[in-house]
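Reviewing the structure listed below.
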Amino acid sequence: MNQSPQTTEAKTLVDYQIVTWHFLASILYIFVAILAGLSFSLQFLQKYPFPGVELLSPGRIRMVHTQAVAFGWLANGFFAVLYYVVPKLTGNRVLHTTLSRIVFFAYNGLVLGAVALILLGHAQGLEWAETPAVLDPFIAIGVVLLVINLMVPIIKTRASKMYVSLWYISAALIWTPIVYVLGNFLPQYFFAGTSGATISSMYIHDLVGLFVTPLGIASVYYLLPVVMKKPLYSHALSIIGFWGLAFFYPLNSAHHYLFSPIPMWTQYASIVASIGVHVVVYTVVFNLFATIASDWTQLATNHVVRWIFFGTLAYLITCVQCAVQVTLSAQSIIHFTDWVVGHSHFVLFGVFSFWVTAWMYYLLPRIWGVPIYSESLARWHFWMQTLAISIMQIDLLSAGLVQGMMWKSLSPFIDSVAASMPFWWVRTFTGIMILVGEVCFLINIYLTWQDSRVTKQNSLTPQPIGA
Amino acid sequence: MGFIEKFSGVFLIAGILMFFSAVIGLAAIPVWMLDRTQAWQDVAREVPEDFKDDFKTVDEYKAALFKGRDLYIAEACWHCHSQFVRPTANESLRYGPVSMPGESQNALNLPQLFGTRRVGPDLSRESGKKSNDWQYAHLYKPTNVVPQSVMPSYSWYFEIKDNVPVPKYEAKAIVAYLQWLGSTVKDRKESEYDFEQEQLPPRQ
């Protein structure tokens with residue numbers, strides 16, 4: 001890191017409290033998300049645990065699942081990373097610590113409010129934007145405050161060269177509020193039907209492509225060299241990857257509604273741009289793997305590197321998948337099937353959740369000034385999640401092909417449901433594995449915190465260990 | 001590395017322009033085209049025959065359609081039922097005519113409910129395929145009608161009178177909405193494929 005701040009500044013530079021809070025909120029939401037997802041998967045086996053309860057209706061639980069994943073778990077995780085990485089890379093503190101706290105409570109209050117209102121039946125009818133329409137303006141204001149808080153230290157920095165993570169972060173901070181406002185308000189109030197779908201598809205894509213992806217890549221570009229104590233393979237390559245993302249990702253939008261009444265030229269443009277995303281993917285993946293390749297042995301000895309490695313591998317797989325499934329001939333079969341569900345789980349869980357988890361394993365013990373309680377539990381966590389998501393991926397892709405082929409061959413619809421049953425059983429089973437893995441994680445983190453309390457009582461001057 | 005960094009400013013402007021050109025090219029222009037060429041439609045002009053007992057006036061019927069649409073969103077029906085027929089994979093044989101841009105240009109499609117997953121069948125041509133009674137029975141407990149169905153029961157939209165479930169206003173609104181879906185499509189004809197008989201449609 002060519003811009004690591006002076007160690008004397010490091011103590012006051014990062015607000016470790018807000019980082020911890022965001023991580024803990026994030027861990028809370030992953031359990032909400034997993035329990036909701038697991039209950040919903042039981043509906044597919046005709047074994048829903050709360051039948052006939054209006055507030056826990058399976059459809060509403062499904063929306064709680066996706067909201068908790070995107071806005072509870074991943075967003076909180078990324079915010080924690082931002083509050084750590086931005087001051088570290090710029091050498092400036094965030095605008096104001098009180099503002100950080102206000103945004104933390106307001107944001108998490110809004111996410112909890114959204115969950116409550118969805119359960120009460122006030123969801124918004126737009127994909128990834130199910131947050132009730134009444135809350136949307138407040139969320140937009142909250143996001144803008146967060147952006148101001150984090151952009152000020154970036155603008156203040158006088159360094160002639162910015163590390164690649166800062167490029168990604170600044171871009172994501174500019175894109176996110178615009179994307180959120182466009183996607184939540186235009187199709188809700190102004191444009192109906194096909195016009196609305198054109199804008200919605202842009203939002204569905206941009207939320208993943210311009211919010212989750214850049215922040216995920218930024219976080220891993222920072223963490224990997226730091227945790228391996230090796231330089232990044234190529235800074236130039238990482239910059240090329242960044243501009244590839246900036247040029248191709250915004251153009252991908254309509255690929256979520258192919259063969260829909262959206263004008264065909266819009267759909268073709270999206271398909272071509274989606275295939276162009278390969279430029280981004282291969283530069284990022286090559287760069288990260290080449291960095292890991294400078295010392296492969298750390299994969300065996302350092303569990304944080306292991307999380308990053310599998311996340312990167314999953315990123316490569318999903319993006320190769322993306323370029324295949326975006327073609328019209330593949331869409332004809334796989335659209336509307338479990339293939340898409342498998343793909344999105346692999347992206348959000350296999351890639352970004354793994355990277356966020358790597359950050360938690362790296363940072364939380366350091367903030368508390370103790371080593372992680374149990375390497376063994378961490379290994380259980382890793383292998384449970386890796387096996388679970390890999391099995392789920394293969395299972396749902398296969399289910400998607402079966403469903404798509406049966407629909408095309410004009411089998412009665414209910415036969416495709418019956419044929420999916422074995423796949424759905426496997427899916428629920430992998431969900432249980434993920435829950436078990438995450439419980440290992442929770443126990444490990446709790447015991448690490450307990451350790452730190454004991455250490456604190458023994459020594460009077462606890463100090464967070466900076467990177 | 002240094003070479004690329006020299007042009008950071010140029011790239012920054014290019015990147016921002018790229019985002020806005022994407023918004024203009026892939027959202028604003030298609031939206032402008034669609035809104036310009038498709039007339040905004042009326043939701044309904046009269047109460048359909050099957051709903052004359054439930055709704056006295058057109059306004060009452062329209063209010064029910066919107067209520068039904070809101071419940072369709074609240075229960076996330078649209079996460080498992082799509083609302084457009086694609087010109088591929090024999091979908092026009094299974095569901096009916098392929099979806100056109102103009103047909104969703106009305107207030108009930110604000111917000112749009114195209115959907116991206118089919119755990120159950122597409123509903124954009126649902127109007128008239130099943131009787132109202134079938135819809136009520138199915139909504140109350142889907143497995144009573146289709147044993148292998150994985151659709152949840154929506155029994156809270158019914159009240160029990162003399163041991164018989166009777167639809168509340170909400171259930172009537174949902175069924176009114178379901179029976180409305182696709183009813184505005186001109187030249188609509190039923191699928192040629194008879195799923196009960198399980199035989200292929202006649203060749204053209």
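This structure is a prediction, so every number in the text was calculated from the model and none was measured. Residue numbers start from 1 in every chain, and the chains themselves are labelled A, B, ... in the order their sequence lines are given, proteins ahead of strands.
The heavy-atom pair separating A/Ser195 from B/Val31 by the smallest distance is O-CG2, 3.6 Å. In plain terms, the two heavy atoms of B/Ala89 and A/Ser332 that are nearest each other are CB-O, 3.5 Å. Of all the heavy atoms in A/Pro261 and B/Phe114, the pair that sits closest is CD-CE2, 3.8 Å.
Heavy atoms closer than 4.5 Å to chain A are found in the side chain of B/Leu113, but not in its backbone. Contacts of A/His335 with chain B are made by both backbone and side-chain atoms, with heavy-atom separations under 4.5 Å. Using a 4.5 Å cut-off between heavy atoms, A/Val53 contacts chain B through its backbone alone, with no side-chain atom that close. With a 4.5 Å cut-off on non-hydrogen atoms, A/Phe190 touches chain B through its backbone but not through its side chain. For chain B, the nearby part of A/Met421 is the side chain; its heavy atoms alone come within less than 4.5 Å. Only the side chain of A/Asp206 has a heavy atom closer than 4.5 Å to any heavy atom of chain B. Within the 4.5 angstrom heavy-atom criterion, only backbone atoms of B/Met151 (N, CA, C, O) approach chain A. Only the side chain of B/Thr143 comes within less than 4.5 Å of a heavy atom in chain A; its backbone stays farther off. For chain A, the nearby part of B/Asn106 is the backbone; its heavy atoms alone come within less than 4.5 Å. At a 4.5 Å heavy-atom cutoff, the contact between B/Ser99 and chain A is made by backbone and side-chain atoms alike. Contact of A/Leu245 with chain B is not made at all, since no heavy-atom distance falls under 4.5 Å. In this structure, chain A has no heavy atom under 4.5 Å from any part of B/Tyr140. For A/Leu120, no part sits under 4.5 Å from any heavy atom of chain B, backbone or side chain. For B/Tyr157, the part lying near chain A is the side chain, with the backbone staying farther off; criterion is any non-hydrogen pair under 4.5 Å. For B/Pro147, the part lying near chain A is the backbone, with the side chain staying farther off; criterion is any non-hydrogen pair under 4.5 Å.
Two residues are said to be in side-chain contact when any heavy atoms from C-beta on lie closer than 4.5 Å; A/Trp265 and B/Met33 meet this criterion. A/Met202 places a side-chain heavy atom less than 4.5 Å from the side chain of B/Val23. Taking 4.5 Å as the limit, every side-chain heavy atom of B/Ser149 sits out of range of all side-chain heavy atoms of A/Val417. Side-chain contact between A/Tyr48 and B/Pro152 is absent, with no heavy atoms from C-beta onward closer than 4.5 Å. With contacts defined as side-chain heavy-atom distances shorter than 4.5 Å, the pair A/Ser57/B/Glu75 qualifies. In this structure, A/Ile178 and B/Phe19 have side chains that are in contact, with non-hydrogen atoms separated by less than 4.5 Å. Between A/Tyr189 and B/Leu110, the closest side-chain pair of non-hydrogen atoms is not below 4.5 Å. Counting only heavy atoms from C-beta outward, the side chains of B/Val119 and A/Phe44 approach each other to under 4.5 Å.
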What's the verdict on side chain to side chain contact (heavy atoms under 4.5 Å, CB included) for B/Ile73 and A/Gln124, showing C-alpha distance, side-chain angles and the deciding distance? CA-CA 7 Å; B/Ile73 291 173; A/Gln124 190 177 3; 5.9 Å; no
Given the rule in the side chain to side chain contact (heavy atoms under 4.5 Å, CB included) test, do A/Arg62 and B/Cys80 qualify, once you have shown the distances and angles that lead to the verdict? CA-CA 10 Å; A/Arg62 183 221 186 266; B/Cys80 293; 5.9 Å; no
Could you go through B/Met18 and A/Leu251, starting from their C-alpha distance and side-chain angles, then the distance that decides it, and tell me whether this counts as side chain to side chain contact (heavy atoms under 4.5 Å, CB included)? CA-CA 9 Å; B/Met18 201 60 195; A/Leu251 288 167; 3.3 Å; yes
Going through the distances and angles, do A/Phe259 and B/Glu91 end up as a side chain to side chain contact (heavy atoms under 4.5 Å, CB included)? CA-CA 11 Å; A/Phe259 283 121; B/Glu91 287 189 6; over 6 Å; no
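A donor-acceptor distance shorter than 3.5 angstrom exists from the side chain of B/Arg94 to the backbone of A/Trp407, with no hydrogens or angles considered. Listed for the B/Arg86 side chain is a donor-acceptor partner under 3.5 Å among the backbone atoms of A/Gln331. Checking side-chain atoms of A/Gln43 against main-chain N and O of B/Val150 turns up a donor-acceptor pair under 3.5 Å.
Two rings, from A/Phe336 and B/Phe84, have their centers less than 6.0 Å apart.
Of the listed residues (B/Gln148, B/Arg69, B/His79), the greatest number of heavy-atom pairs within a distance under 4.5 Å of chain A belongs to B/His79. In terms of heavy-atom pairs under 4.5 Å with chain B, the best-connected choice from A/Ser238, A/Ser416, A/Ser270, A/Pro187 is A/Pro187. Chain A forms the most heavy-atom pairs under 4.5 Å with one residue out of B/Ser153, B/Pro101, B/Cys77, B/Ala76, and that residue is B/Pro101. Interface remark: of the candidates A/Ile204, A/Asp338, A/Asn252, A/Leu328, A/Asp338 forms the most heavy-atom pairs closer than 4.5 Å to chain B. Ranked by heavy-atom pairs under 4.5 Å with chain A, the first of B/Gly25, B/Ala28, B/Ala74 is B/Ala74. The residue among A/Pro263, A/Ala269, A/Ala246 with the most heavy atom pairs within less than 4.5 Å of chain B is A/Pro263. Counting heavy-atom pairs under 4.5 Å between each of A/Arg60, A/Glu54, A/Gln46 and chain B puts A/Glu54 at the top. Chain B forms the most heavy-atom pairs under 4.5 Å with one residue out of A/Pro51, A/Ser234, A/Pro58, and that residue is A/Pro58. Interface remark: of the candidates B/Asn109, B/Asn90, B/Thr116, B/Thr116 forms the most heavy-atom pairs closer than 4.5 Å to chain A. With chain A as the partner, the residue from B/Gly115, B/Gly102, B/Pro121 showing the most heavy-atom pairs under 4.5 Å is B/Pro121. Among B/Tyr72, B/Tyr154, B/Trp78, the residue making the largest number of heavy-atom pairs under 4.5 Å with chain A is B/Trp78. Chosen from A/Met405, A/His122, A/Gln403, A/Glu130, the residue pairing most often with chain B at heavy-atom distances under 4.5 Å is A/Glu130.
The side-chain hydrogen bond (donor to acceptor under 3.5 Å, both in side chains) test applied to B/Asp122 returns B/Ser82, B/Arg118, B/Ser124, not counting sequence neighbours. Every residue two or more places apart in sequence or in another chain that forms a salt bridge (charged side-chain N to carboxylate O under 4.0 Å, His left out) with B/Glu103 is listed here: B/Arg125.
Taken to the nearest 0.5 Å, the NE2 atom of A/His205 stands 10.5 Å off from the CG atom of B/Leu26. A/Thr198 contributes atom OG1, which lies 5.5 Å from atom CG of B/Leu34 (distance to the nearest 0.5 angstrom). The CD1 atom of A/Ile333 lies 7.0 Å from the OG1 atom of B/Thr88; values are rounded to the nearest 0.5 Å.
By the 6.0 Å contact criterion, OH on B/Tyr169 is enclosed, its count of non-hydrogen atoms from other residues, nucleotides or ligands being greater than 12. Remark: A/Tyr233 OH is loosely packed, at most 12 non-hydrogen atoms of other residues, nucleotides or ligands lying under 6.0 Å away.
Side-chain contact, A/Ser200 with B/Gln112: a donor N or O sits under 3.5 Å from an acceptor N or O.
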